[in-house]
Amino acid sequence: MNICGIVCEYNPFHNGHLYQIEETRQRGADGIICVMSGNFVQRGDFAIMPKTARAASAVRSGADVVIELPVPWSISSAERFAAGAVSVLDALGVVSSISFGAECADEKKLLRIAKIFTDKDFDAKVMEEYSSGISFAAARERALAKVDSSLSPLIAEANNILAVEYLKAITRLKSPIRPIVIKRTGASHDSTQASESIASASYIRELISRGEDFSKFVPRSSAMLFEEEAEKGTAPVFSSAADRAIMSVLKRLTPEDFAKYGDVSEGLEFRLFDAVEKSHSVADAVDLAKTKRYAHARIRRIFLNAFLDIDSSLSLGRVPYARILAFNNRGREIIKKAKKLSQIPIITRPSSIKNEDERLQTLFALERRADDIYSLFMKAPISQGSTFTQSPIYIED
């Protein structure tokens, strides 16, 4: 069986995601495993729908298994986000390929960039550019231009960046997983414009926040699931609802406290502390802390890590477990096969973690705390501790 992995957030699941799954099937995938962010996402924000609903949307739309990417990786840098997710797919022992969208569909060019980026000598070139005061992304683009000017424009595109990170992770793990690059169609990442039935997740979230119709941009099953969650009061969830709670935590932190969270270096902790001290809202603090060197998304991630108290060291190395969120009949067979071959525990019964090692239990407890915090900002909060009681969702074919 040719099983393909997809790394995703599905925030929410939309027609562009459906196209990727269908195209992945066309490329020969017999089964699809998605590794998906939980209740918090890589842009440093709350997911608009609970992870269980987003996982169910994916399986109803063609995925076979959805596995959760634990929160330390899901709200980390693109590099750690990708590395964590790929480590799960590699460890399962059943995944032969990984499918991802990119603005550039030329696999050879993306592989060439990944190879350059994993060269130790290239790091020195990046740091030389970075010392001029520009952002890390700009420094890397400049350094790449000096190696191959034809490639540097490619890493200005968000999906190309993630594609290269997936390829870097595969290279570093020496994984046999092969890439399947799918040309991104329709609206670009974070675009505020729609293209017929395709719109970015950012645009769809904006429509949801304004109470406007977004149904033509998502599969019918996703729209129905959203309506069900809305009726229960568990969606939509916006970080703005948590603004005062987040600020109340941030205002208690010292520069030394900020320094332990991911992406904080070069004295940024003092800038963060000063920005929080002068602000009444998270948005204001992000704007004050942002510079050409430090992008909005980086600052938002730091603040979210601080709010959830996630030390940067937690996202080092491989993800030590695979928690199943949802599956179908084909997924059941994939899970059965993976349990025989996997290098990491596959968690279907949360209660079983009491038999696992200390690191796994620590991470799972952290996930529970993050989920409990997330649920507090629903209109109708769910039971606290549900992370330890929620079984995987079975979707009948």
Side-chain angles (χ1 to χ4, degrees), residues 4-9 16-17 19-20 23-24 27 35 41-43 76-86 89 97-173 175 177-193 195 198-203 263 292-298 301:
C4 185
I6 293 177
V7 180
C8 55
E9 292 187 321
H17 299 134
Y19 170 78
Q20 182 189 5
E23 185 66 17
T24 301
R27 303 280 188 95
V35 178
V41 293
Q42 204 263 334
R43 65 194 300 270
S76 190
S77 65
E79 182 176 39
R80 290 195 186 185
F81 170 87
V86 171
L89 294 172
S97 58
I98 179 172
S99 166
F100 49 81
E103 291 83 5
C104 171
D106 191 326
E107 181 183 317
K108 290 182 179 179
K109 287 183 178 179
L110 296 174
L111 282 166
R112 166 71 174 149
I113 296 171
K115 184 177 180 180
I116 292 169
F117 282 5
T118 52
D119 187 327
K120 291 181 180 179
D121 292 338
F122 185 72
D123 289 341
K125 292 182 176 70
V126 175
M127 295 313 296
E128 183 180 346
E129 299 292 340
Y130 190 58
S131 65
S132 68
I134 59 177
S135 69
F136 178 80
R140 191 166 62 170
E141 188 173 344
R142 282 191 191 178
L144 180 59
K146 290 182 177 180
V147 177
D148 188 334
S149 60
S150 69
L151 297 176
S152 59
L154 298 181
I155 60 167
E157 300 284 358
N159 290 283
N160 286 345
I161 292 170
L162 270 175
V164 170
E165 293 299 342
Y166 298 140
L167 295 171
K168 280 172 55 182
I170 290 169
T171 300
R172 286 174 172 163
L173 290 171
S175 172
I177 292 175
R178 61 181 180 83
I180 298 174
V181 185
I182 296 174
K183 175 75 172 177
R184 186 181 173 92
T185 62
S188 62
H189 180 80
D190 277 350
S191 172
T192 57
Q193 302 295 321
S195 174
I198 303 291
S200 70
S202 296
Y203 182 67
D263 285 341
K292 288 183 179 180
R293 195 174 182 84
Y294 307 119
H296 273 105
R298 179 173 177 177
R301 280 196 299 273

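For clarity, every value in this text was computed on a predicted model and none was experimentally measured.
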Taking only residues two or more places apart in sequence, or in another chain, which ones meet A102 in a side chain to side chain contact (heavy atoms under 4.5 Å, CB included)?
L110, N160, A163, V181
Once you round to the nearest 0.5 Å, how far does OG of S76 lie from CZ of R301?
7.0 Å
To the nearest 0.5 Å, atom OG of S97 lies from atom CD1 of I177 at 8.0 Å
Can any side-chain N or O of R184 pair as donor or acceptor with the backbone N or O of N159 at less than 3.5 Å?
no
Residues which pass side-chain hydrogen bond (donor to acceptor under 3.5 Å, both in side chains) with R27, listed by chain and number, not counting sequence neighbours:
E23
Residues at least two apart in sequence or cross-chain that pass salt bridge (Lys or Arg N to Asp or Glu O under 4.0 Å) with E79, listed by chain then number, are K168, R172
Looking at every heavy atom in both A138 and I134, which two are closest together, and how far apart are they?
C-CD1, 3.7 Å
Set of residues satisfying side-chain hydrogen bond (donor to acceptor under 3.5 Å, both in side chains) with respect to S132, sequence neighbours excluded
none
Set of residues satisfying side-chain hydrogen bond (donor to acceptor under 3.5 Å, both in side chains) with respect to R142, sequence neighbours excluded
none
I6 side, atom CD1; I182 side, atom CD1 - distance, nearest 0.5 Å:
7.0 Å
Using the test salt bridge (Lys or Arg N to Asp or Glu O under 4.0 Å), find all partners of K146 that sit at least two apart in sequence or belong to another chain.
E129
Within the side chain of K183, is there an N or O that forms a donor-acceptor pair under 3.5 Å with the backbone of G101?
no
Pairs touching residues 110-126 that satisfy side-chain hydrogen bond (donor to acceptor under 3.5 Å, both in side chains), sequence neighbours left out
none
Under the side-chain hydrogen bond (donor to acceptor under 3.5 Å, both in side chains) rule, collect the residues that match up with S99, sequence neighbours excluded.
Q20, T24
From D148 atom CG to I116 atom CD1, the distance as rounded to the nearest 0.5 Å
6.0 Å
Applying ring pair (Phe, Tyr, Trp, His ring centres under 6.0 Å), which residue pairs with at least one partner in residues 97-147 are found, sequence neighbours left out?
F100-Y166, F117-F122
My understanding is that only residues two or more places apart in sequence, or in another chain, count here; which of them pass side chain to side chain contact (heavy atoms under 4.5 Å, CB included) with A78?
Q42, L162, E165
